[in-house]
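Here's the structure we're looking at; comments come further down.
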Amino acid sequence: MSKQELVVLGRTDKADETDACCPGLLTAPLDEEQAVDLAKVFKALGDPVRLRLLSMIASRAGGEVCVCELTPAFDLSQPTISHHLKLLRQAGLIDCERRGTWVYYWLLPEMTDRLAGVLTRPADVTS
């Protein structure tokens with residue numbers, strides 16, 4: 001395992017910044033920093049393997065899944081799956097915990113809620 005610090009996007013110590021960080025795309029233009037942060041998350045979701053991994057983790061009964069259950073679903077090596085999971089973690093979409101030999105992953109709903117908020121069309125906008 002690498003000793004590099006893992007930077008997680010979208011995490012803030014100030015609760016007020018979470019709600020105000022990103023207006024919906026149809027309500028106000030994103031500033032440069034918001035666009036860069038969101039682009040990293042969308043880039044993480046732009047790979048079919050990562051999208052499937054996120055779906056498998058998010059839909060798991062009990063809220064978490066062992067990496068040993070994720071790897072067999074793909075025709076990829078374990079290091080490749082670990083790399084994809086690392087990118088999802090860096091994007092702030094999932095988190096994990098090592099328990100003995102295995103690592104367990106779960107969804108961070110704050111980020112998916114943030115994405116939903118950015119992509120949701122306000123009720124007063126007509127098509």
Side-chain angles (χ1 to χ4, degrees):
M1 277 232 142
S2 173
K3 300 284 185 188
Q4 294 178 348
E5 182 178 334
L6 181 66
V7 177
V8 178
L9 299 174
R11 290 250 175 122
T12 178
D13 294 335
K14 300 175 188 167
D16 294 342
E17 287 182 18
T18 303
D19 295 334
C21 76
C22 298
L25 292 175
L26 298 178
T27 58
L30 298 174
D31 66 29
E32 185 175 347
E33 183 180 343
Q34 292 167 336
V36 168
D37 286 346
L38 283 172
K40 290 176 184 176
V41 177
F42 284 118
K43 184 174 180 180
L45 292 173
D47 182 89
V49 171
R50 289 192 289 273
L51 196 53
R52 282 188 59 209
L53 283 167
L54 183 68
S55 175
M56 292 171 71
I57 294 166
S59 64
R60 178 64 175 215
E64 63 182 32
V65 62
C66 178
V67 69
C68 63
E69 298 173 59
L70 296 171
T71 305
F74 299 90
D75 190 24
L76 299 169
S77 68
Q78 184 276 323
T80 301
I81 296 297
S82 291
H83 172 73
H84 285 295
L85 290 165
K86 176 185 170 186
L87 294 176
L88 290 171
R89 282 180 34 235
Q90 288 175 331
L93 292 161
I94 61 172
D95 204 355
C96 67
E97 175 182 75
R98 178 174 294 280
R99 299 179 196 157
T101 304
W102 301 110
V103 178
Y104 289 80
Y105 291 88
W106 58 88
L107 179 73
L108 293 176
E110 302 84 17
M111 183 57 78
T112 54
D113 291 348
R114 179 180 173 198
L115 293 176
V118 167
L119 296 174
T120 300
R121 186 168 47 119
D124 62 342
V125 174
T126 58
S127 29

When rounded to the nearest 0.5 Å, the distance separating CD of E110 from CG of D95 is 9.5 Å
Rounded to the nearest 0.5 Å, the CG atom of L88 sits from the CG atom of L51 at a distance of 9.0 Å
Report yes or no: do V103 and L87 belong to one cluster of Ile/Leu/Val/Met/Phe/Trp/Tyr joined by side chain heavy-atom distances under 4.5 Å?
-> no
Next on the checklist: Hydrophobic cluster membership, with links at side-chain heavy-atom distances under 4.5 Å among I/L/V/M/F/W/Y: are V41 and L54 in one?
Outcome noted: yes
With sequence neighbours left out, the residues meeting side chain to side chain contact (heavy atoms under 4.5 Å, CB included) with T80 are L76, S77, H84
By side chain to side chain contact (heavy atoms under 4.5 Å, CB included), S59 pairs with (sequence neighbours left out) none
Contacts satisfying salt bridge (charged side-chain N to carboxylate O under 4.0 Å, His left out) that involve residues 42-54 (not counting sequence neighbours) are none
How close do [X] and [Y] get, counting heavy atoms only, and between which atoms?
| X | Y | result |
| --- | --- | --- |
| L85 | I94 | O-CD1, 3.7 Å |
| A44 | L93 | CB-CD1, 4.4 Å |
| W106 | Y104 | CZ3-O, 3.6 Å |
| T112 | P109 | OG1-O, 3.0 Å |
| L107 | A58 | CD2-CB, 3.9 Å |

Hits for side chain to side chain donor-acceptor pair (under 3.5 Å) against S82, two or more places apart or cross-chain, chain-then-number order -> Q78
Sorted by chain and number, sequence neighbours left out, side chain to side chain donor-acceptor pair (under 3.5 Å) with E97 holds for R99
Worksheet entry | Side chains of K86 and Q90 in contact at under 4.5 Å (non-hydrogen atoms) | yes
Validation row: L38, R114 side chains within 4.5 angstrom (heavy atoms): yes
For a quick test of your reading: what N or O donor-acceptor pairs under 3.5 Å do the side chains of residues 66-73 make, sequence neighbours left out?
unit_1, atom_1, unit_2, atom_2, d
E69, OE1, R60, NH1, 2.9
E69, OE1, R60, NH2, 2.5
T71, OG1, V67, O, 3.1

Margin query: So does T101 get a backbone contact from the side chain of R98, meaning a donor-acceptor N/O pair under 3.5 Å?
Written below: yes
